[in-house]
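Worksheet: one structure, shown below.
Predicted, not measured: the structure shown is a model, and the values here were computed from it.
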Amino acid sequence: VQLQASWGGSVQAGGSLRLSCAAAGLNLNINVMGWFRQAPGKDREFVAGIGLNSGCSWYGDPVKGRFTISKDKPKTMVYLQMNSLKPEDTADYYCAAGVVFWGRRRDDYNYWGQGTEVTVSS
């Protein structure tokens with residue numbers, strides 16, 4: 001399984017970014033993908049998850065109402081639309097794949113991509 005996150009960048013507070021995660025080699029057991037983030041000196045934090053078959057989504061409290069996770073129909077791409085960005089959203093963002101529906105813990109995800117950096121300036 002290979003996951004490639006991209007399209008991070010720098011933006012001013014209140015702006016938007018859309019992250020992409022390209023997935024390859026997913027086996028039939030993988031039914032969930034998610035996004036996590038990690039700011040310097042902090043633990044990795046759950047951001048959003050989505051069921052690859054159902055399309056159901058769930059979010060971490062800090063991003064509810066501002067971020068939207070989505071997927072394409074072939075289930076090879078997962079996106080994270082981030083609106084109304086705040087300086088506290090600054091972090092490296094990681095996409096992940098796993099088998100635990102509604103998973104929010106790092107251990108719920110088996111495969112990880114490299115991070116893409118998001119910087120929000122005030």
Side-chain angles (χ1 to χ4, degrees):
V1 175
Q2 291 184 320
L3 303 173
Q4 178 79 33
S6 57
W7 295 110
S10 297
V11 65
Q12 288 191 324
S16 298
L17 283 173
R18 188 189 193 211
L19 305 183
S20 297
C21 178
L26 292 180
N27 59 54
L28 293 178
N29 293 327
I30 300 297
N31 62 348
V32 168
M33 289 189 68
W35 288 95
F36 285 71
R37 66 186 183 185
Q38 188 165 17
K42 294 190 176 181
D43 291 335
R44 194 166 294 190
E45 174 187 38
F46 173 75
V47 174
I50 189 166
L52 293 179
N53 296 313
S54 67
C56 292
S57 58
W58 54 100
Y59 298 90
D61 286 343
V63 307
K64 279 181 182 176
R66 299 188 298 122
F67 291 11
T68 303
I69 188 171
S70 61
K71 62 176 183 67
D72 66 347
K73 203 167 185 180
K75 297 181 286 186
T76 58
M77 295 290 295
V78 174
Y79 306 96
L80 185 69
Q81 178 68 42
M82 306 186 295
N83 297 330
S84 301
L85 282 161
K86 304 175 182 179
E88 50 264 45
D89 295 318
T90 295
D92 289 331
Y93 283 70
Y94 298 85
C95 63
V99 300
V100 179
F101 211 85
W102 308 120
R104 294 173 176 267
R105 303 177 307 151
R106 289 183 67 169
D107 289 348
D108 293 334
Y109 294 81
N110 305 91
Y111 303 99
W112 294 82
Q114 90 296 346
T116 186
E117 187 175 354
V118 171
T119 302
V120 184
S121 58
S122 56

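Remark: side-chain polar atoms of Q114 are paired, donor with acceptor, to backbone N or O of A5 under 3.5 angstrom. Looking only at distances, a side-chain donor or acceptor of R104 sits under 3.5 Å from a matching main-chain atom of Y59. A side-chain donor-acceptor contact under 3.5 Å links R66 to the backbone of S84. Of the possible donor and acceptor atoms, none in the side chain of D61 sits under 3.5 Å from a partner among the backbone N and O of K64. Between the side chain of T90 and the backbone N or O of T119 there is no donor-acceptor pair closer than 3.5 Å. Remark: the backbone N or O of C21 is not paired with any side-chain donor or acceptor of W35 at under 3.5 angstrom. Looking at D92, its side chain never comes within 3.5 Å of a backbone N or O of Q38 through a donor-acceptor pair. Looking only at distances, a side-chain donor or acceptor of Y109 sits under 3.5 Å from a matching main-chain atom of G103.
Between Y79 and W7, the gap from one ring centroid to the other reaches at least 6.0 Å.
For the pair L17/V120, no side-chain contact is recorded, criterion being any heavy-atom separation below 4.5 Å from C-beta on. Contact check for R18 versus L80: no side-chain heavy atoms found under the 4.5 Å cut-off. Residues V99 and I30 form a side-chain contact, since some pair of their non-hydrogen atoms from C-beta on lies under 4.5 Å apart. The side-chain heavy atoms of R37 and K42, taken from C-beta on, include no pair separated by under 4.5 Å. Inter-residue side-chain proximity for S20 and M77 is flagged as met; some heavy-atom pair is nearer than 4.5 Å.
Figure legend: cation-pi geometry between R44 and Y94, with NZ or CZ positioned under 6.0 Å from the six-membered ring centre and within 45° of its axis. Seen from the ring of F36, R106 does not count as a face-on cation partner, given the 6.0 Å and 45° thresholds.
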CA sep, side-chain torsions, deciding dist, call: D89, K86, salt bridge (Lys or Arg N to Asp or Glu O under 4.0 Å): CA-CA 5 Å; D89 295 318; K86 304 175 182 179; over 6 Å; no
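Taken to the nearest 0.5 Å, the CD1 atom of I69 stands 7.5 Å off from the OG atom of S57.
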